[in-house]
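Right, one structure below, let's go through it.
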Amino acid sequence: MKKSIQDINQKIKQGEATILTAEEVTRLVMDGEEPTVRDVDVVTTGTCGIMSGTAAIFHLPVAEPGTFKKAHKITLNGVPGFPGPCPNEWLGSVDLMVYGTSHSITDPQYGGGFLFKDLLRGEEIEIVVEDIEGKIIKSSVSMDEFGTAQLIGTRFAFKNYTAFTNPASEPVSSIFNAVDMDGPFKGISFSGCGELNPLQNDPLLNSIGKGTRLLINNSEGLFINAGTRSSPQKPNMMITADMKDMDPHYLGGFRTGAGPEVYNSVATAIPILDGEILQKTFIKNEDISLPVADIRGRHSVLSQTNYGVWRGTDERPTYEKELCQKCTTCLVEKRCPTMAFTNHELNTIQCFGCGMCAYSCPFGTFRMERGQVVMDWEGGVKELEVSCRQSDIKRAREMARELKKRIENGTFLLDSF
């Protein structure tokens, strides 16, 4: 049996379409069922994690027209931007680009990802402009005053990632762990949402083409093309959306051993046109390979595991407040990538579910099943506890369910290309 996009959209409009998340499809298969094309019309997918290829294009007011000719340098809450290409001569406004991975020149723990979240929360931010004559202009502005705020993802949602461990004795700083990674083999860090990940369910981009709609941080956006470093073996997406429509819950900053990074959330819809497309969505975490590499370089693969590391894990930690020793220097507060733990209080909304709190606290104040990896090493077997998850399965599930709801409500139809 084959269906067309038009057939599925008609069923959506009539409220008769069957929509499942990728995890719901996989659960059916694991329970011994095998859905057919007659049973499923759309499968929704989702992912959330560090996505370094994040940039924002802004147009914002700085001062009254005629105040300065054009900007030479600019910072937003200390985060450097790149003025141009349009000079906006004498208009008092600036076109610029800000990278999600840029670090503040005043606060090493703050970067582009944190800035974007602050903007979406409606906070006023400090703008400092140096014009071409060296004059400094300062102002403050909030997102609703921006003329343009467009997010560009140059490489989002890789189909498959690499896990990292440190086989050496000396700690290693890297963007692939929340703090300098201890060794030897003191833990493992990984990214990717496995069986829920968009391109894991559609590796050949059968349902995604130029102009295809999707959700980025809960804003309806567009697939532009395959992203930078995309390949048939490891595809990723170049996508864009209006930041003003985004939900700050789904993006933000994430501190790593090499400075702050940025995380985003993406959801896509797969129209089930035939049995071959549906079969791709049957994939299980245990079927998806996850190479384990030396934290000092992705080229140095030590062993192989799989995304079964997600199975049976907790989305969020449990905070046993009565066990907190209120240490003068709290390791959890110092290390928490999203600054969700401050003043001995856990902000469960801001929490990313990375597991760094449970890994770090020596008093068992945080409990969390983070997953384990069993890998072959030099003729033996090593069992490594996950020290850091750089993808958030909870937000990924929320995105997949949000897209499912929009399709069921008839507010999100499918594209043909």
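Residue numbers count from 1 along this sequence.
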Exceeds 12 heavy-atom contacts within 6.0 angstrom, atom [atom1] of [X]:
{"X": "Glu170", "atom1": "CD", "answer": "no"}
{"X": "Lys244", "atom1": "NZ", "answer": "yes"}
{"X": "Gln279", "atom1": "CD", "answer": "yes"}
{"X": "Lys234", "atom1": "NZ", "answer": "yes"}

Intermediate values then yes/no, side chain to side chain contact (heavy atoms under 4.5 Å, CB included), Gln390 and Phe254: CA-CA 9 Å; Gln390 290 192 306; Phe254 188 101; 3.7 Å; yes

Quick one: do [X] and [Y] make a salt bridge, cutoff under 4.0 Å?
{"X": "Asp294", "Y": "Arg296", "value": "yes"}
{"X": "Glu195", "Y": "Arg311", "value": "yes"}
{"X": "Lys321", "Y": "Glu345", "value": "yes"}
{"X": "Arg367", "Y": "Glu320", "value": "yes"}
{"X": "Arg27", "Y": "Glu33", "value": "no"}
{"X": "Arg255", "Y": "Glu261", "value": "no"}
{"X": "Asp41", "Y": "Lys3", "value": "yes"}

message: Does Tyr319 form a ring-ring contact (aromatic ring centres under 6.0 Å, His included) with Phe341? I'd like the steps, not just the answer.
response: CA-CA 10 Å; Tyr319 176 38; Phe341 189 73; 5.3 Å; yes

- prompt: Relative to the ring of Tyr110, is the ring of Phe114 parallel (under 30°), tilted (30 to 60°) or perpendicular (over 60°)?
  reply: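 Judged by the thresholds at 30° and 60°, the geometry between Phe114 and Tyr110 is parallel.
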
- request: Over 60° means perpendicular and under 30° means parallel, so classify the ring planes of Phe58 and Phe146, tilted if in between.
  value: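 Aromatic pair Phe146/Phe58 classed perpendicular.
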
Would you say the side chains of [X] and [Y] form a donor-acceptor pair under 3.5 Å?
{"X": "Asp242", "Y": "Ser219", "answer": "no"}
{"X": "Asp144", "Y": "Ser142", "answer": "yes"}
{"X": "Thr228", "Y": "Arg155", "answer": "yes"}
{"X": "Thr342", "Y": "Glu333", "answer": "no"}
{"X": "Ser191", "Y": "Ser391", "answer": "no"}
{"X": "Glu398", "Y": "His249", "answer": "yes"}
{"X": "Asn285", "Y": "Asn306", "answer": "no"}
{"X": "Thr162", "Y": "Arg298", "answer": "no"}

ring-ring contact (aromatic ring centres under 6.0 Å, His included) assessment of Phe82 paired with Tyr99: CA-CA 9 Å; Phe82 299 90; Tyr99 298 155; 5.0 Å; yes

Please determine which of [options] meets the side chain to side chain contact (heavy atoms under 4.5 Å, CB included) test together with [X].
{"X": "Val62", "options": "Asn88, Val129, Val141", "result": "Val129"}
{"X": "Pro171", "options": "Val179, Ile295, Asn177, Asp180", "result": "Asp180"}
{"X": "Ile270", "options": "Thr44, Asn201, Val42, Val40", "result": "Asn201"}

With rounding to the nearest 0.5 angstrom, report the [atom1] to [atom2] distance, [X] to [Y].
{"X": "Thr318", "Y": "Glu369", "atom1": "OG1", "atom2": "CD", "value": "11.5 Å"}
{"X": "Leu119", "Y": "Met143", "atom1": "CG", "atom2": "CE", "value": "4.5 Å"}
{"X": "Thr305", "Y": "Glu286", "atom1": "OG1", "atom2": "CD", "value": "10.0 Å"}

message: Set out, in order, the CA-CA distance, both residues' side-chain angles and the distance that settles side chain to side chain contact (heavy atoms under 4.5 Å, CB included) for Met399 and Cys48, then state yes or no.
response: CA-CA 9 Å; Met399 285 289 293; Cys48 173; 6.0 Å; no

Can you find a pair of side-chain heavy atoms, one from [X] and one from [Y], that are under 4.5 Å apart?
{"X": "Leu346", "Y": "Arg316", "value": "no"}
{"X": "Ile50", "Y": "Val262", "value": "no"}
{"X": "Phe352", "Y": "Pro337", "value": "no"}
{"X": "Lys11", "Y": "Thr18", "value": "no"}
{"X": "Arg213", "Y": "Leu222", "value": "yes"}
{"X": "Arg389", "Y": "Met368", "value": "yes"}
{"X": "Ser289", "Y": "Gln304", "value": "yes"}
{"X": "Ile216", "Y": "Met246", "value": "yes"}

- prompt: Yes or no on ring-ring contact (aromatic ring centres under 6.0 Å, His included) for Phe190 and Phe164, after CA distance, side-chain angles and deciding distance?
  reply: CA-CA 6 Å; Phe190 78 96; Phe164 295 94; over 10 Å; no

field: Residue among Asn264, Asp247, Asp245 satisfying side chain to side chain donor-acceptor pair (under 3.5 Å) with Asn217
entry: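 When Asn264, Asp247, Asp245 are each tested with Asn217, the side chain to side chain donor-acceptor pair (under 3.5 Å) holds only for Asn264.
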
- request: Using the salt bridge (Lys or Arg N to Asp or Glu O under 4.0 Å) rule, take Lys117 and Glu123 through it: C-alpha gap first, then chi angles, then the decisive distance, then the call.
  value: CA-CA 9 Å; Lys117 195 178 196 75; Glu123 297 182 14; over 6 Å; no

- prompt: What are the two closest non-hydrogen atoms of Val29 and Pro35, and how far apart are they?
  reply: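 Of all heavy-atom pairs spanning Val29 and Pro35, the closest is CG2-CD, 4.1 Å.
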
Six-ring centre of Phe223, Lys210 cation under 6.0 angstrom, axis tolerance 45°: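 Pair Lys210/Phe223 does not count as cation-pi.
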
